[in-house]
Amino acid sequence: MLVAPSWSEVGHSECIYSSYRDLISRQSETQQMEVLKEKVEEEEEAERAEQAERAERAKKMMRPMEVRKEDTTRTQEMLRDLERKLSEIEVSIPEKPSTFTKDAIDTSKLPLSYQSNTPKEEHLLQVADNFSRQYSHLCPDRVPLFLYPVNECSVPKFVSTTIRPTLMPYPELYNWDTCAQFVSDFLSAVPLPDPLKPPSYLYSSTTVLKYQEGNCFDFSTLLCSMLLGAGYDAYCVYGYGSQDLCHMDLTREVCPLTVKPKEMVKEEEKAPPKKYAVKPPRDLTSRFEREQEIKRQEGVKAEEEKRLKQGERLAEQESAKTDPLHGLRVHSWVLVLSGKREVPESFFIDPFTARSYSTQDDHFLGIESLWNHKNYWVNMQDCWNCCKDLVFDLGDPVRWEYLLLETDKPLLSLTEEEDDGMNDDDDVENLGKEDEDKSFDMPCSWVEQIEISPEAFETRCPNGKKVIQYKRARLEKWAPYLNNNGLVCRLTTYEDLQCTKILEIKEWFQNRKDMLELKHINKVTGLNIDYFKPGHPQALRAHSYTSMQPEMDRVMEFYETARVDGLIKREETPRTMTEYYQGRPDLLSYRHVNFGPRIKKLSLNSAESNPRPVVLRHSLPTSHPTHVLACQKITERFSRNPAKPADEDVAERVFLLLDERIQLRYHCREDHLTASKREFLWRTEGDSKGNKIIMTPDMCLSFEVEPMEHTKKLLYQYEAMMKLKNEEKLARHQAWESELEVLEILKLREEEEAAHVLTISIYDTKRNEKSKEYREAMERMMLEEHLWQAEAQLDYLAPFLAQLPPGEKLTRWQAVRLKDECLSDFKQRLIDKANLIQARFEKETQELQKQQQWYQENQVTLTPEDEDLYLSYCSQAMFRIRILEQRLNRHKELAPLKYLALEEKLYKDPRLVELLKVFV
């Protein structure tokens, strides 16, 4: 049973509680006093230690004067030595990165539109300010909008009016990828002053192009202007990007030039099996074991790739640091919507790197707003999943809040229920009222026409050079003609992420006289490959080699259409040479030559005169030191000649020079399985006179699928053997010419690499001196001719002075006569002109009278069409008569005035003024 406590017990318990609180408070005060005491003791100890240090320094300073003098002398000598050593050290002071500031811009020469706003622009700024205040009130948790930053003249300008759509006069800048690449190469990126806020200024594209610097907003504005001019549906975007995107860091991205295009594997159509074809031998190996072996190899390969990728990922994670500002970094890029210019899908363009990204990419973390030259839209969608869930339907006012009512994007229509639910009374109330036009057109852009000079377009990069670091790659770009060897681009690929071990180097060239386009250097294998454009003196297409020395491994490819012999490819090793042909009249498609060891000759001729001595027959004197068989075997293959039977059409012939044999293999018929073969054996025996070869049956061994009588005759075999002998000589000669051509090409390539001459177009008047001199001479001649014609037209005394002897000084009598003749001639011209006008006036009047008389006579019989023609003629004739009458009256009024004006000019003419003073 619970009993309530009495009041005395309650009071007693309160006293106990109060005494307990007092005890606790006294203990806390005691603890605080102890802490304060400890702090005071620590401060006193620190003061005593500082006083001891001061006393010790004072003792050191109170040394004897002699000791101090010696120390001073030593110290001065040491300082002088140190100064001398430091003066010899060259310290390179790093250049401070240039900052694109407003103070560096010369605003005095900018047009008036840059320095002030029109009334329409002021109205637009008021609308934008009202929109911004409403937006801040309705969305207080959102950041302020980027609406009207100041320009280079500190004048606020709406962002949409800063975009100036311009179509560049260069065909290369008509597509989005080339436009983006030009902007990325031409401008230098400047970071934002505050990475968490948009800039307070936005300069014009003309100023950005002039100084070749800008931040991401300047990049986007220029690129958007070019894309809109080229016909794309482009928008500038203000949002948030990753750290790599904002800092233009591509060290984690793969260089696009290193990505190999996917090869399209064409499935070869299998020929239908022949009915009587020989079946291949049965495969007795286990198909299951073969499949298991393939799976095992694929698994090992996939495991190896996975291990490498995991190692790369770990290395990147170790090198990469977490960004504390992730999701807060402000960035600007360009959005291209689908629809125009056959764009199938919307995508982003980063103006810093000119790379395109999907709208689902993780680099883009959110969007605040976007704009073009017509309107401004605010994103009302949630960006919790970056930009992956955003819908870029700008006509949807729920997802995108627009600034101006006049928008080219169709708005979403109301549903039928909402349409039926509208109050019909509003239509009655508004009946008779004038509709107020609440729309507001975007003012014209205040930016001048964007122009890029041909010199700037050719130079591209600032100062003509730009370096981009990728993942395991380094890309360098130069302007044309900046390097003496024509180098415009170099891609260096590395093996490791630290870029210390070089794998390969690719160099691109332009304007080379030797038509060199690309040089590929593999540092691992030492293989060099040179690629040429059409136009090389030797019609080279590609040249792969490890050394420029002769008789080394190399492969040469040629443009077959530029060569008479149709050579496509030549492969060479120290002992062999293989050539491939196409389109030859003799249908030769392949030649393979086997060489023996090189001959050491006693003559003074170098290897250039006889690179690899071919076989010399025993008919030559054997005392010569070069009579050693070097060319051992020549193999030639031919394409099928439809004009010949297959049994007579040679498919392959082999010249075995050491064994003195010739082997022939003919083409196989379509309905046969085997082909005919024939082999000839050489013999050096001759007849009694020694000028003919004795042909015997054992000198020709043949296998014929369908034997024929004429092929067995010795005469046929003899003629075939003599023909093959001539073909052998020709083959040896062609092999020798090929070797000479190889040496000639190598010598030419060495000269081209040493000289690296560049070609200059005749239209390039800046670099082409001959074209420049010719153009200046033509301009000078045209100017002189123009001045001469102008003087001849203005000189009214020229016809009369031509009658006088040249170089003779005028007399007073001649001057008076010149004046009188000039005035009389002018008077006669005025009279002739008046008579001409009078004659035309009278002629028109007479013709009109004749027509009127004709009309009076035939008025009754005229048709309506004839009357219309008569009235039309009368109207035109009266118009001509009235004009002639006005011209005649005007001529009569102006003729005396013109005569007096000419007379005054003659009296004031510098050639006659001194001689006519007496008559004035």
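A donor-acceptor contact closer than 3.5 angstrom links the side chains of Q828 and D832. No hydrogens or angles considered: nothing links the side chains of N485 and R512 as a donor-acceptor pair under 3.5 Å. Side chains of Y235 and D233: a donor on one and an acceptor on the other come within 3.5 Å. Side chain to side chain, D866 and T863 meet the donor-acceptor criterion of an N or O pair below 3.5 Å. Side chain to side chain, Y170 and T178 fail the donor-acceptor criterion of an N or O pair below 3.5 Å.
Every side-chain hydrogen bond (donor to acceptor under 3.5 Å, both in side chains) that E842 has, sequence neighbours left out, goes to Q838. Under the side-chain hydrogen bond (donor to acceptor under 3.5 Å, both in side chains) criterion, R880 pairs with E844, sequence neighbours left out. Under the rule for a ring pair (Phe, Tyr, Trp, His ring centres under 6.0 Å), the partners of F182 that lie at least two apart in sequence or sit in another chain are F186, F457. Under the side-chain hydrogen bond (donor to acceptor under 3.5 Å, both in side chains) criterion, S332 pairs with S220, sequence neighbours left out. Residues satisfying the side-chain hydrogen bond (donor to acceptor under 3.5 Å, both in side chains) test with S369, not counting sequence neighbours, are Y376. Not counting sequence neighbours, E776 has no partner by the salt bridge (Lys or Arg N to Asp or Glu O under 4.0 Å) test.
Between R767 and E458, at least one side-chain nitrogen of the basic residue sits less than 4.0 Å from a carboxylate oxygen of the acidic one, meeting the salt-bridge criterion. Between R780 and E784, no side-chain nitrogen of the basic residue sits less than 4.0 Å from a carboxylate oxygen of the acidic one, so the salt-bridge criterion is not met. Here R541 pairs with E560 in a salt bridge; the nearest charged N to carboxylate O distance falls below 4.0 Å.
Under the 4.5 Å side-chain criterion, counting only non-hydrogen atoms from C-beta, L124 is in contact with L404.
In this structure, W176 and F347 have tilted ring planes: the angle between them lies in the 30° to 60° band.
Just one residue in the list K210, E152, E448, R164 forms a side chain to side chain donor-acceptor pair (under 3.5 Å) with S204, and that residue is E152.
Other residues, nucleotides and ligands place no more than 12 heavy atoms under 6.0 Å from the CD atom of E342. In R829, the CZ atom is not crowded: 12 or fewer heavy atoms of neighbouring residues, nucleotides or ligands sit closer than 6.0 Å.
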